[in-house]
Number of protein chains: 2
Amino acid sequence: MNILKHISVDCAIFGFEGGELKLLLIKRDDEYIHNEWALPGGNIREDEGVNEAAQRILAEMSGVGDVYMDQVYVFGDPGRVKDRIVTVAFYALVNPAIYKLKPNIPGALEARWFELDKIPDVALDHKEIIETSLRKLKRRFKFEPVGYELLPEKFTLRDLQNLYEKIYGIELDNRNFRKKILGARLLIETDGQQKNVSHRPAKLYKFDRERYNAYKRKGINMDILPAWYNDF
Amino acid sequence: MNILKHISVDCAIFGFEGGELKLLLIKRDDEYIHNEWALPGGNIREDEGVNEAAQRILAEMSGVGDVYMDQVYVFGDPGRVKDRIVTVAFYALVNPAIYKLKPNIPGALEARWFELDKIPDVALDHKEIIETSLRKLKRRFKFEPVGYELLPEKFTLRDLQNLYEKIYGIELDNRNFRKKILGARLLIETDGQQKNVSHRPAKLYKFDRERYNAYKRKGINMDILPAWYNDF
DNA sequence: TCAAAAGTGTTTGCAATACACCCATGC
DNA sequence: GCATGGGTGTATTGCAAACACTTTTGA
């Protein structure tokens with residue numbers, strides 16, 4: 001199957017593991033990138049959509065599909081790559097515990113999760129793509145509760161709070177945080193508990209996807225519009 | 001100069017005129033569209049960036065460049081057009097009074113501003129592109145004061161309120177609206193007044209672009225994050 | 001019994017909302 | 001003088017923010 005010349009997709013894949021927000025990078029060695037860390041990416045086939053191409057590429061590396069992905073931006077200046085290539089950037093949210101890296105990815109020497117403040121130099125304009133993706137991720141989290149994409153099925157409120165704190169690099173008041181999260185009624189209390197912790201074990205929660213879907217379009221209170229206006 | 005095969009740009013151009021929010025459509029007759037209303041669009045040249053291509057195409061129709069434009073989304077499913085073409089959609093905000101339509105645009109039989117609730121059937125998947133663009137426009141206005149792109153240099157507070165009301169299709173309380181707008185200190189009172197109105201003439205204001213640029217990254221109050229967090 | 005994190009309520013202040021009347025002008 | 005939209009102020013209320021102690025468990 002032919003590919004579309006002059007277009008590619010690149011994916012900023014975020015994961016949350018060990019209390020840290022991480023980004024997946026690949027050490028690539030191909031026509032454009034020589035033994036450098038870079039975002040996973042690739043070409044679009046003639047018979048697949050742009051979004052599907054991104055899903056496929058992610059699946060080829062992690063072995064799993066149906067992942068939360070979102071378009072970030074199109075980078076298309078001439079000169080961004082040796083040949084003239086316009087790339088559509090995506091970001092994806094995955095739980096690294098589930099989405100294990102595949103070994104022996106063709107064209108990739110190595111794959112690794114990097115903590116956000118330890119990202120090495122990357123190829124081409126991928127630094128800019130990463131920064132733009134992170135900005136978009138922050139915005140997303142500001143306006144929509146997507147945290148569960150990054151967490152295991154069951155998690156504690158502290159896990160969720162840590163996630164927010166890592167994404168924004170700030171500390172949150174845990175009373176207010178719990179009030180808001182529980183007040184949104186997006187979590188379902190399970191009968192599980194933390195195990196093997198040397199302190200009071202936390203309750204485990206899971207996301208209420210149904211209620212989440214209802215919330216999806218809610219939007220947030222703004223200066224100009226009345227808060228009840230949610231038609232987005 | 002060669003063009004990039006398999007990629008195009010399409011522009012949803014919004015204007016505000018006569019108290020109505022309008023969209024510019026072109027009656028196109030070319031390889032893909034036969035005598036149908038459609039968004040202005042075209043190919044990307046090898047030596048120009050994607051964003052520049054969008055600016056150029058807009059300039060070719062209106063004769064004016066340096067317009068507020070923003071990427072909306074990439075539409076790239078196979079089958080959206082006869083051949084395999086991925087299109088990058090943009091929206092632009094222009095003041096129709098300034099950006100006059102050019103006659104005799106190559107490949108375009110006619111160009112016209114349509115009120116949003118009177119948009120005719122459009123070619124290909126342009127209906128979807130228009131809807132997505134409008135959604136993005138609404139979001140933009142919710143979080144950033146870009147109204148002045150659509151208004152003349154000097155305007156009344158009522159003009160601005162009308163603009164918001166048209167975009168969202170709701171009515172706003174004028175006392176609260178004025179309080180917020182003036183409170184944001186984004187407007188500079190000029191010494192001009194409305195003329196020839198058979199009622200108390202309104203003061204004319206202009207935007208304070210400098211202060212606006214400072215506000216640009218402010219972001220809005222959110223549920224999870226403290227309101228003072230603005231690092232976007 | 002100590003360490004460590006989980007869990008919990010109240011007060012305060014600000015900002016969004018709702019609401020109604022006088023003002024300036026043209027005709 | 002009247003019709004028309006411009007322009008203004010206040011009271012209420014709900015929510016975000018700040019804040020500290022008790023509870024539960026493992027070691």
Side-chain angles (χ1 to χ4, degrees), chain A residues 18-19 141-143 145 151 154-166 168 170-185 187-205 215 218-230, chain B residues 18-19 142-143 145 151 154-166 168 170-205 215 218-230:
Chain A
F141 266 77
K142 199 170 197 282
F143 300 121
L151 292 169
K154 297 181 180 184
F155 53 88
T156 68
L157 286 176
R158 170 55 59 175
D159 292 334
L160 187 60
Q161 185 176 337
N162 283 341
L163 175 55
Y164 274 90
E165 291 182 342
K166 285 296 175 184
Y168 294 104
I170 59 173
E171 296 202 340
L172 299 168
D173 180 283
N174 76 330
R175 282 165 293 189
N176 293 333
F177 181 81
R178 298 164 79 94
K179 215 182 305 175
K180 284 173 190 171
I181 293 291
L182 294 176
R185 313 209 51 185
L187 298 184
I188 300 171
E189 197 177 321
T190 73
D191 48 9
Q193 281 196 339
Q194 273 183 321
K195 302 269 185 200
N196 300 323
V197 286
S198 74
H199 56 76
R200 176 171 174 176
K203 285 180 197 159
L204 295 175
Y205 291 82
Y215 265 71
K218 191 185 168 189
I220 307 298
N221 150 19
M222 196 289 185
D223 290 334
I224 299 290
L225 295 171
W228 49 261
Y229 184 79
N230 295 320
Chain B
K142 198 170 198 282
F143 300 122
L151 292 169
K154 297 182 180 184
F155 53 88
T156 68
L157 286 176
R158 170 57 59 176
D159 292 334
L160 187 59
Q161 185 175 337
N162 283 341
L163 175 55
Y164 273 90
E165 290 182 342
K166 285 297 175 183
Y168 293 104
I170 59 172
E171 296 202 340
L172 299 168
D173 180 284
N174 77 330
R175 281 164 295 189
N176 294 333
F177 181 82
R178 298 165 79 93
K179 215 181 307 175
K180 284 173 189 170
I181 293 290
L182 294 176
R185 313 210 50 187
L186 281 167
L187 298 186
I188 300 171
E189 197 177 321
T190 72
D191 48 9
Q193 282 197 339
Q194 273 183 319
K195 302 267 183 200
N196 301 323
V197 286
S198 72
H199 57 75
R200 176 172 175 177
K203 285 179 197 157
L204 295 176
Y205 291 83
Y215 265 72
K218 192 185 167 190
I220 306 300
N221 150 19
M222 197 287 187
D223 289 335
I224 299 291
L225 295 170
W228 48 261
Y229 185 80
N230 295 320

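Computed from a prediction, not measured in an experiment: that's the story for all the values here. Chain letters run A, B, ... following the sequence lines, proteins first, then strands; residues in each count from 1.
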Practice problem: Map Arg175(A) and Arg175(B) onto DNA chain C by nearest heavy atom, then report which one ends up closer to the 5' terminus. | Solution: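 So the residue in question is Arg175(A).
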Practice problem: Report the residue (Arg200(A) or Pro201(B)) whose heavy-atom-nearest nucleotide on DNA chain C is the more 5′ of the two. | Solution: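 This one resolves to Arg200(A).
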Quiz item: Considering heavy-atom distances to DNA chain D, does Asn174(A) or Asn174(B) have its closest nucleotide positioned more toward the 5' end?
Solution: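 Looking at DNA chain D, the more 5' nearest nucleotide goes with Asn174(B).
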Starting at [atom1] of [X] and ending at [atom2] of [N], how long is that distance when rounded to a whole Å?
{"X": "Asn176(A)", "N": "dA20(D)", "atom1": "CG", "atom2": "C1'", "answer": "13 Å"}
{"X": "Lys195(A)", "N": "dA6(C)", "atom1": "NZ", "atom2": "C1'", "answer": "16 Å"}
{"X": "Tyr205(B)", "N": "dG6(D)", "atom1": "OH", "atom2": "C1'", "answer": "10 Å"}
{"X": "Leu172(B)", "N": "dC19(C)", "atom1": "CG", "atom2": "P", "answer": "15 Å"}
{"X": "Leu157(B)", "N": "dC23(C)", "atom1": "CG", "atom2": "P", "answer": "20 Å"}
{"X": "Gln193(B)", "N": "dG6(D)", "atom1": "CD", "atom2": "P", "answer": "13 Å"}
{"X": "Glu171(B)", "N": "dC19(C)", "atom1": "CD", "atom2": "P", "answer": "14 Å"}
{"X": "Glu165(B)", "N": "dG5(D)", "atom1": "CD", "atom2": "P", "answer": "14 Å"}

Quiz item: With a non-hydrogen cut-off below 4.0 angstrom, is Asp173(B) in contact with a base, only sugar-phosphate, or nothing?
Solution: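 The residue Asp173(B) makes base contact.
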Quiz item: Just checking Arg178(A): base, sugar-phosphate only, or nothing, at a heavy-atom cut-off of under 4.0 Å?
Solution: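 It contacts base atoms.
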Quiz item: Hey, mind stepping through Arg175(B) and Lys180(B) against side chain to side chain contact (heavy atoms under 4.5 Å, CB included) and telling me if it holds?
Solution: CA-CA 9 Å; Arg175(B) 281 164 295 189; Lys180(B) 284 173 189 170; over 6 Å; no
Quiz prompt | Pair Tyr164(A) + Phe141(A): ring centers closer than 6.0 Å | solution =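 When the ring centroids of Tyr164(A) and Phe141(A) are compared, they turn out to be within the sub-6.0 Å range.
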Quiz prompt | Close side-chain approach of Leu186(B) to Ile181(B), heavy-atom, < 4.5 Å | solution =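 They are not in side-chain contact.
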Self-check item: Any side-chain heavy-atom pair of Gln161(A) and Leu157(A) under 4.5 Å
Solution: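 A side-chain contact is absent here, since even the closest heavy-atom pair is not under 4.5 Å.
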Quiz item: Of the options Lys203(A), Arg200(A), His199(A), which is the one that meets Gln194(A) in a side chain to side chain contact (heavy atoms under 4.5 Å, CB included)?
Solution: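 With Gln194(A) as partner, Lys203(A), Arg200(A), His199(A) yield a single side chain to side chain contact (heavy atoms under 4.5 Å, CB included), made by His199(A).
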Quiz prompt | Sole residue of Leu151(A), Leu187(A), Ile188(A), Asp159(A) in side chain to side chain contact (heavy atoms under 4.5 Å, CB included) with Tyr205(A) | solution =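 Passing option: Leu187(A).
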Every protein N/O lying under 3.5 Å from an N/O of nucleotides 11-15 of chain C:
none

Self-check item: Phosphate OP1/OP2 of dG6(D): any Arg158(B) side-chain N/O under 4.0 Å
Solution: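 Arg158(B) to dG6(D) OP1/OP2: side-chain N or O found under 4.0 Å.
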